[in-house]
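The block underneath contains the structure these notes are about, expressed in structure tokens.
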Amino acid sequence: MANADLHFKTNYAATNKIEPFYKGGKVQISKDEKYIFCTCGSRVNVLEISTGKIVHSVEQDDQEDITSFALSYDDELLVTASRALLLKQWDWKQAQCTRSWRAIHTIPIASMIFDPTSTLLATGGCDGTIKLWDIIKQYCTHNLKGSSGVVHLVQFHPDMSLLQLFSSSGDCGIRLWDLRSSQCLCVLQSHFSAVTSLAFTPSGDTMVSSGRDKICTVWDLKTRTATRTVPVYEAVEGVVLLPEDQDLSQIGVQNNDLHFITAGSKGVLRVWEASTSRCVYTQTLPSAAPSDGEEGGDDDPRSLTYLLPMDASSRVAAVTAEHNITLYQLPALSTQQQFVGYNDEVLDVKFLGKNDSHIVVATNSCQLKVFELLTNSCQILYGHTDTVLSLDVFKKGLLFASCAKDKSVRVWRMDEASGQVVCVAQGSSHANAVGCITFSRMKESFIVSGSQDCTVKVWDLPDNIATTTGDVHGLSARVTEKAHDKDINSVAVSPNDKLLASGSQDRTAKLWSLGAPGAGPSLLGVFRGHRRGVWAVCFSPVDQVLVSSSADGTAKLWSLQDYSCLKTFEGHDASVLKIVFVSRGTQLLTSGSDGLVKLWTIKTNECVKTLDAHQDKVWGLHGSRRDHKMVTGSADSTIAIWDDVTEVEQAEEQAKQEDQILKQQELSNLLHEKRYLKALGLAISLDQPHTVLTVIKAIRQSQDSRDLLERTLLKLRLDQKESLLRYCAVWNTNARSCLDAHAVLQVLLTHLAPEEILQYQGARGHLEGLIPYTERHMQRIGRLLQSSMFLDYMWRKMRVTGASPSMGPDEDMDTSAEPLFVIDKEPHGGYGHAHHEDKEEEDDDDDVVDDEDEELVDEESITKKAPTNGRRVTNGTGNGNHGAKSEESSEEEDDNGEEKDDKEEEEEEKQHMTAKTTTGVSLRPRVQILTS
């Protein structure tokens, strides 16, 4: 099934993400033209132009939407305004809020801008007031009143020596404010709709204003009068003045008169000559553009909402209503870069290009987007007139097909050198939306489409489609087959181009034979078993099996021989939307409505890894041709590129194991050489508490252990002491290691100040965790002490059996050799001693003796007779008593030099027991010693 050198994949890592960074609102470019600042809900995202990646992001803590922001001219300060009426000053490079204050506006701020010196900030509010703030001294300097309605535009005069501010509000006039007197000098009246932008000449003598009333006005600021009104025949959102010292003949500029670029509802950039009020250049729209006679409206996705100058690099940036940001290069206004701020719901995504250098994305729109992965720059493809639903790429990577709700299919070709994509063929004969499409596998000969009209169509492609240039070919369906009873969700062609599989909402998947060219598909078999509609089908690249995924949350592997289900993969909590083979057909990747991507091993039916990078349905899933990457697209507007990191992780794990082995060997050598300081530091660096405990135990078992432990611990670094304190909290939970933990704690608490210990990371928690276990250990030790004191007391009160009455009070008994038993079974002399003691007890019963004297006598006799070897005292029955009898008998035999046979010993034992019973001496054991 696979080569011997095949390795199963175990993990993928998301190495690149294309996320939404702009959802409408203000856009500003830094002065060094390296970054684009744009709003996205409660965040301001900073996009690096060279890479197309979000490098910084500042977000409101209160999650309030940002209504406006301003970047200072020196690119150091960023100030944001939110709906909570708060102004916040940010160090945007560190994403830290350095200062916040209440805006004096009563309702949210609509516009704001810094002056050229980066010291004054002007804010225009929806309450009709303008306020100026001194950012250095941090106070409000001006409160300008007089505007009617929302102040949606504020801008400083470029010559700050004049201290003038321009503003525009709902009355369509342009107010000129003198900041010295806080008075309105004049109101420039020319527009009859909202003024959208102002542009100044470098000298500051001339200003051009644009409005949604489809005119641009040229103003002489010295006389404060309008010198020219230019009708532009579209609602203008932005105006930029062209430099006078460049050759711009490519865009129709033939003299040094004032020229400006407008951007508006038609979605194109146009160059105007102010002196003659004529348009000298109109940008050419990409393919399938609306006709010039069509007037774009505010809801037109191609209309432009902002136009920003980039004077240092001779570029302009335009922002579309679809949240796309395009950079145009002068002098030809050619498209240089394009960034997609918001992709909406991603419905399908595929790798594109010879080396998978691009991806093509179908979003919830009629445009296709082709991203270059290196720079995230995007090319937008126009052609479909309704939402594009599905994509498929031919194996060589330069041709791909698309289908849409407009009932059409299209074939696109990417130029390998330039990366430009053009449409080369199209066809339309379905009766309803086309939901799935697939290419032939061996040769670029046909495509197959499946539609909501329940039919499958096979489209033949021209032979020269890969190299043809010029007009778009018209495609016609070779054959049409009613394949299912409900919508067809997926179609797939086998690797040899002879079989076709289809999956439908009718819960079945079907296998078709494509037969000879020109012949229609014939049904071979039906795969039944899913409880919900089938979302995707895919042929194995090596085996005669088909895999399908369904809305019932399962994926099934089917045999192409008998159409039986071979395996079922369960793990998703919702619909399984896409499925592909990886690792040469030995593993599967599935994506689901739960936002998860799962990696399965077919042989073991096991889910190897679950990848979580999306918050919504993962509609798009595709693997690269080299099988080392995959791409996923989700309804959360996020596209993730994943790299296979199996080999990297295995190499890291192997290197880690080798390093661990070397360090363990080094640690053993250090312990053997008794170099405890280095051994302890190495064990802590390994982060192995048990190994550290082993070193501590070795130190405590050495000579002069206390001083050695103290010297060793005090030489540790601060971070090592922190780890040691953490380990002590763990050791203290076990009675076997608590003494070592407390030995370490004694050194730390004795030689370190409390303030220093509390500075350790997590010190409070560790010290609090020590308390309950330490109390438990103290209780255990207290119980042990009580038991030992009771044992000592009983030991001293215990009467020794068989002790000689002639033993003096100061003589110590030798109890180190033999065990102690309590029942007396003494032959000869032993019996005589016992009988003598019993006789004395009878006499004591007859005579009146003081209790204290009795206790004193008892204590003295016990002191003379008590053993000290601490052996266990057991019940006086069994083998132990026989041992005592034989020992005591041997002593008597040594004393008397006589030997007695077994019969005489038994008689003496009987007499001994009878004597004890007669005198009332108890036969129960004196005490039982237990080891704790």
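Atom set for the values below is all heavy atoms of this structure, side chains included, hydrogens, waters and symmetry mates excluded. Source: prediction; values computed, not measured. One is the number of the first residue; the rest follow in order along the sequence.
- Using the six-membered ring where Trp is involved, F351 and H622 have ring planes that are tilted, between 30° and 60° apart.
- Looking at S583, its side chain never comes within 3.5 Å of a backbone N or O of G585 through a donor-acceptor pair.
- A distance-only check finds a donor-acceptor pair linking the side chain of K578 to the backbone of W619 [under 3.5 Å].
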Margin query: For T508 and H530: C-alpha separation, side-chain torsions, deciding distance, then whether side-chain hydrogen bond (donor to acceptor under 3.5 Å, both in side chains) applies.
Written below: CA-CA 7 Å; T508 65; H530 284 296; over 6 Å; no
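- Checking side-chain atoms of K9 against main-chain N and O of V582 turns up no donor-acceptor pair under 3.5 Å.
- Nearest approach of L391 to V360, heavy atoms of both residues: CD1-O, 3.6 Å.
- Counted by atom type alone, T601 and Q587 present one or more donor-acceptor pairs between their side chains at under 3.5 Å.
- Donor-acceptor pairing under 3.5 Å is lacking for the side chains of K405 and T387.
- Judged by distance alone, the side chain of T10 and the main-chain N or O of T646 form no donor-acceptor pair under 3.5 Å.
- Side chains of E649 and N11: a donor on one and an acceptor on the other come within 3.5 Å.
- Using a 4.0 Å cut-off between charged side-chain N and carboxylate O, D392 and R441 make a salt bridge.
- In terms of heavy atoms, S449 sits closest to H430 at OG-NE2, 2.8 Å.
- Applying the salt bridge (Lys or Arg N to Asp or Glu O under 4.0 Å) test to every pair with at least one member in residues 356-380, sequence neighbours left out, gives these pairs: D356-R625.
- Contact between L523 and L511 at its shortest, heavy atoms only, is CD1-O, 3.5 Å.
- Contact check for K354 versus L398: side-chain heavy atoms found under the 4.5 Å cut-off.
- Inspection of the H628 and D644 side chains reveals no N or O donor paired with an N or O acceptor under 3.5 Å.
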Next item on the list: Apply salt bridge (charged side-chain N to carboxylate O under 4.0 Å, His left out) to the pair D348 and K350, showing each step before the final yes or no.
Entry: CA-CA 7 Å; D348 204 359; K350 292 286 191 294; 3.2 Å; yes
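- Residues K457 and V479 form no side-chain contact, since every pair of their non-hydrogen atoms from C-beta on lies 4.5 Å or further apart.
- Contact check for I18 versus N376: side-chain heavy atoms found under the 4.5 Å cut-off.
- Looking only at distances, no side-chain donor or acceptor of N16 sits under 3.5 Å from a matching main-chain atom of W642.
- Closest non-hydrogen pair, E322 versus S365, comes out as OE2-CB, 4.0 Å.
- Taking each heavy atom of I437 and I447 in turn, the nearest pair found is CD1-CD1, 4.0 Å.
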Next item on the list: Please assess D636 against S634 for the test side-chain hydrogen bond (donor to acceptor under 3.5 Å, both in side chains), listing each intermediate value before the final yes or no.
Entry: CA-CA 5 Å; D636 61 3; S634 171; 3.0 Å; yes
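- When all heavy atoms of S429 and W459 are compared, the closest pair comes out as OG-CH2, 3.2 Å.
- Between W600 and H572, the ring planes lie tilted relative to each other; the angle falls in the 30° to 60° range.
- Within the 3.5 Å criterion, the main-chain N or O of G267 finds no donor-acceptor partner in the side chain of S303.
- Although no hydrogens or angles enter the test, the distance criterion places a donor-acceptor pair under 3.5 Å between the side chain of S550 and the main chain of G533.
- Between F400 and W412, the ring planes are parallel. Angles under 30° get that label, and only those over 60° would be called perpendicular.
- Side-chain atoms of S440 come within 3.5 Å of backbone atoms of K443 as a donor-acceptor pair (strictly under, hydrogens ignored).
- For the 3.5 Å distance criterion, the side chains of W558 and S548 qualify, holding a donor opposite an acceptor.
- Side-chain contact of N45 with S57: a donor-acceptor pair under 3.5 Å is present, judged by distance alone.
- At distances below 3.5 Å, at least one donor-acceptor pair connects side-chain atoms of K482 with backbone N or O atoms of H484.
- Side-chain atoms of Y382 do not come within 3.5 Å of backbone N or O of T385 as any donor-acceptor pair.
- Side-chain polar atoms of Q379 and Q338 form no donor-acceptor pair below 3.5 angstrom.
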